[in-house]
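Since the structure comes first, as structure tokens, the remarks are kept for the end.
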Amino acid sequence: MAEDTGRRIAAAFAAVCLAAGVAAVTVAVVAGPGPGPAGYVSEAGITDSGYAGAYRSGIFSVAASLLLLAGALPPGLRAAAGLLGAGAVATVVSGAVTCSEGCPLPPFEAPTVADLVHGGASIAATAAVVLAMLALLFSPAADLGLRRIAAVGAALALPVAAVVALALLLVGRSALLGVSERVLLVVVAAWGLVTAGYLAVRSLTGDGPSVPAREGSNVSRR
């Protein structure tokens, strides 16, 4: 019971941290002196931006939420928890290493080492969360609710992620890349909020993830 309570609290705090982080980053992006839809979200965190502090605090809050969400997952979902933990670490690196003005990325721009570290960490963090969705979707230890949420998240995230990757490699900085990046981040954030809320509410009701018993009945895993 104590373990269930700990997971419920972790899930609730994950939702709070994620909502606060997304709000802070959104304020920094919308109110900051960015180049609009053609720019990267990370440009809100450059040193010259008056909202760099809000941006970085939001990113660190998102990292905390990923770590809390990893701890809130039921037993048996180690792959998904590990991916979320890796995503949290990559998010911290992304927030700690500031890119230069414009956050240039290859192959169409000449990035600095900091740009490569920041960009690579940001991509790794987003990829880790999308992979966590797939890990939950195909894990027999995940209950039906978690798998359904993961299925919707993956169905929305994977096509957009493909657009982001192709735009980065074939087009470079453009409205296509900027808008698709924002859409992908919104999908990832929405999945995290819904998953955290589901885990908090499900634990509160006392229902654990169901797994098939040997006799063919369902038993609750706590």
Quick one: closest heavy-atom pair of G76 and S139, and the distance? O-OG, 4.2 Å
Locate the shortest heavy-atom distance separating V22 from A189; write the atom from each residue and the value. CG2-CB, 3.8 Å
Grab the two heavy atoms, one from C17 and one from S61, that are nearest each other, plus how far apart they are. O-OG, 2.6 Å
Rounded distance (nearest 0.5 Å) linking atom OG1 of T98 with atom CG of D115: 10.0 Å
CZ/F108 to CZ/R173 distance, rounded to the nearest 0.5 angstrom? 12.5 Å
Tell me whether S57 contacts the main-chain N or O of A54 through its side chain, where contact means a donor paired with an acceptor under 3.5 Å. yes
Drop me the distance from R7's CZ to L73's CG, to the nearest 0.5 angstrom. 9.5 Å
How many angstroms lie between atom CG of L83 and atom CG of L77, to the nearest 0.5 angstrom? 11.5 Å
With rounding to the nearest 0.5 angstrom, report the CG to CD1 distance, L199 to I9. 14.0 Å
Between A121 and S94, what is the shortest heavy-atom contact and its length? CB-N, 3.8 Å
Side chain to side chain contact (heavy atoms under 4.5 Å, CB included) partner of V129, the single match among V62, T91, L66: L66
State the OH-OG1 distance between Y51 and T26, to the nearest 0.5 angstrom. 13.5 Å
List in chain and number order the residues that pass side chain to side chain donor-acceptor pair (under 3.5 Å) with E101, two or more places apart in sequence or in another chain; answer none if no residue qualifies. none
